[in-house]
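Take a look at the structure set out below.
The chain is numbered in sequence order, starting from 1.
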Amino acid sequence: LAAADRNNPSFAEDGPLCEEAGGPGFLQVDSFKQGGLVHGFFNRHGGSSAGPFKTLNLSLGVGDREAAVRENRLRLKKALGLSTLVSLGQVHGNKVLVVDIEPAADLEVDGYDALVSDRKCGLMIQQADCQAVILYDPLRRVTGAAHAGWRGSVAGVLGTTVEAMVDNFGTDPADLKAAISPSLGPCCAEFINYRRELPEWMHDYQVRPGHFDFWAISRVQLWEAGLLPQNIEIAGVCTRCNTDYFSFRRDAITGRCATVIGLND
Ligand SMILES: [Zn+2]
């Protein structure tokens with residue numbers, strides 16, 4: 001099986017890639033550029049955090065100063081034109097939060113790894129090597145976002161997220177667009193204990209001894225959930241190789257990047 005696309009040209013930079021230029025930097029993908037819909041795969045630049053969290057750390061759970069994280073979240077909302085953000089205390093599971101009322105203020109809810117919504121608000125995933133997968137149903141105007149590290153992939157979080165869009169909003173998976181964020185690539189996704197940790201079907205995605213292509217695994221999981229191949233985009237940027245992103249594998253003590261999708265109109 002071929003490795004998933006690397007450095008997909010459909011993903012382009014928006015915002016500066018270095019701190020000197022100011023403001024958060026992020027990637028956007030063509031298929032999600034639609035009226036009233038905003039999105040961004042943020043890198044680590046353009047924030048206010050210091051030390052290992054330098055500079056756009058969006059996580060309140062990694063030891064960074066709360067004031068810096070709040071400021072970073074403000075900058076992110078400003079960059080996308082969003083008034084509120086819903087985020088999660090992620091646990092590497094497959095539970096989906098349904099946001100069916102417009103939140104009055106920012107909200108962070110523990111115990112979930114995905115969100116779906118038809119309301120005006122931003123949905124934020126926080127990650128350092130894990131995948132963030134954004135989903136959009138342009139017919140029913142429903143947004144989705146999922147956090148998929150290897151544990152989430154094993155737990156099938158992409159499938160439960162699509163299911164939540166179908167069950168709560170009547171989405172037809174064939175209408176859905178999906179995009180997979182920068183995350184740990186097949187170059188760096190080494191699993192020494194894969195025989196114990198990964199189910200047997202995933203062993204087919206071993207690209208060299210002990211290294212797995214989780215981009216391709218997610219693509220297959222999205223196909224199985226009913227998405228069409230042409231509606232799935234993969235950024236193909238490895239966060240451990242590319243120092244513009246926080247990487248847990250590279251640095252251990254580090255921040256979390258944000259991936260956001262939301263309706264603002
Ligand atoms: Zn890599």
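Aromatic rings from Phe212 and Tyr194 are positioned such that their centres are separated by under 6.0 Å. Aromatic rings of Phe214 and Phe191 (six-membered ring for Trp) have centroids within the 6.0 Å cut-off, being under it.
Between the side chain of Asp244 and the backbone N or O of Asn43, no donor-acceptor pair lies under 3.5 Å. A distance-only check finds a donor-acceptor pair linking the side chain of Asn72 to the backbone of Thr55 [under 3.5 Å]. His211 places a side-chain N or O within 3.5 Å of a backbone atom of Pro209 that can act as its donor or acceptor partner. Using a distance-only test at 3.5 Å, with no hydrogens or angles considered, a donor-acceptor pair links the side chain of Asn168 to the main chain of Ala164. Remark: the backbone N or O of Pro186 is not paired with any side-chain donor or acceptor of Asp213 at under 3.5 angstrom. For Thr84 (side chain) and Ala104 (main-chain N/O), no donor-acceptor pair under 3.5 Å exists by modelled atom type. Of the possible donor and acceptor atoms, none in the side chain of Asn193 sits under 3.5 Å from a partner among the backbone N and O of Arg196. For Asp64 (side chain) and Phe53 (main-chain N/O), no donor-acceptor pair under 3.5 Å exists by modelled atom type. The closest donor-acceptor contact from the side chain of Gln28 to the backbone of Phe11 lies at 3.5 Å or more, if one exists at all. At distances below 3.5 Å, not a single donor-acceptor pair connects side-chain atoms of Ser10 with backbone N or O atoms of Asp30.
In summary, the side chains of Asp113 and His92 do not present any donor paired with an acceptor at a separation below 3.5 Å, with no hydrogens or angles considered. No side-chain donor from either of Ser49 and Asn57 sits under 3.5 Å from a side-chain acceptor of the other. Side-chain atoms of Ser181 and Gln127 form a donor-acceptor pair, as typed in the model, at a separation below 3.5 Å.
Surrounding CD of Gln230 are more than 12 heavy atoms belonging to other residues, nucleotides or ligands, all under 6.0 Å away.
Hydrophobic clustering places Ile180 together with Val96 (ILVMFWY residues linked when any side-chain heavy atoms are closer than 4.5 Å, directly or through intermediates). A continuous path of ILVMFWY side-chain contacts below 4.5 Å connects Ile234 to Trp223, so both sit in one hydrophobic cluster. Side-chain heavy atoms closer than 4.5 Å link hydrophobic residues (I, L, V, M, F, W, Y) into clusters, and following such links, even through other members, never connects Ile217 to Ile192. Hydrophobic cluster membership is shared by Leu222 and Val116, with clusters built from Ile, Leu, Val, Met, Phe, Trp and Tyr side chains linked at under 4.5 angstrom. When the side chains of ILVMFWY residues are joined at heavy-atom separations under 4.5 Å, either directly or via intervening members, Val91 and Trp150 end up in two distinct hydrophobic clusters.
In this structure, the side chains of Thr243 and Arg250 come closer than 4.5 Å at one or more pairs of heavy atoms. Contact check for Glu163 versus Met165: no side-chain heavy atoms found under the 4.5 Å cut-off. Contact check for His39 versus Lys33: side-chain heavy atoms found under the 4.5 Å cut-off. Contact check for Leu60 versus Glu66: side-chain heavy atoms found under the 4.5 Å cut-off. Between Thr160 and Lys95, every side-chain heavy-atom pair lies at or beyond the 4.5 Å cut-off. Looking at Tyr136 and Val142, their side chains never come closer than 4.5 Å, going by heavy atoms from C-beta outward.
The structure places CD of Glu200 at 12.5 Å from CE of Met202, a figure rounded to the nearest 0.5 Å. Expressed to the nearest 0.5 Å, how far OG of Ser87 lies from CD1 of Ile125 amounts to 9.0 Å.
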- Would you check, one step at a time, whether the test salt bridge (charged side-chain N to carboxylate O under 4.0 Å, His left out) holds for Glu108 with Arg73? CA-CA 12 Å; Glu108 186 151 297; Arg73 290 183 177 190; 2.8 Å; yes
- Begin from the C-alpha positions of Asp106 and Arg70 and carry the test salt bridge (charged side-chain N to carboxylate O under 4.0 Å, His left out) through to its verdict. CA-CA 10 Å; Asp106 288 1; Arg70 298 279 176 214; 5.8 Å; no
- Walk me through it: do Val260 and Phe41 pass the test side-chain contact (heavy atoms from CB on, under 4.5 Å)? CA-CA 7 Å; Val260 178; Phe41 303 94; over 6 Å; no
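Taking both residues in full, the closest heavy atoms of Val157 and His147 are given as CG1-O, 3.6 Å, listed atom of the first, atom of the second, then distance. What you find for Val99 and Ser117 is that their closest heavy atoms are O-OG, 2.8 Å. Scanning all heavy atoms of the two residues, the minimum distance from Gly156 to Gln221 falls at CA-NE2, 4.4 Å. When all heavy atoms are compared, the tightest approach of Ile261 to Leu135 is CD1-O, 3.4 Å. Of all non-hydrogen atoms in Arg44 and Pro52, the two that sit nearest each other are NH2-O, 3.6 Å. Taking each heavy atom of Ser83 and Lys77 in turn, the nearest pair found is O-NZ, 3.4 Å.
The side chain to side chain contact (heavy atoms under 4.5 Å, CB included) test with Ile232 is passed by exactly one of Leu227, Val220, Leu176: Leu227. If you run side chain to side chain contact (heavy atoms under 4.5 Å, CB included) between Phe169 and each of Val98, Thr143, Asp137, only Val98 comes through.
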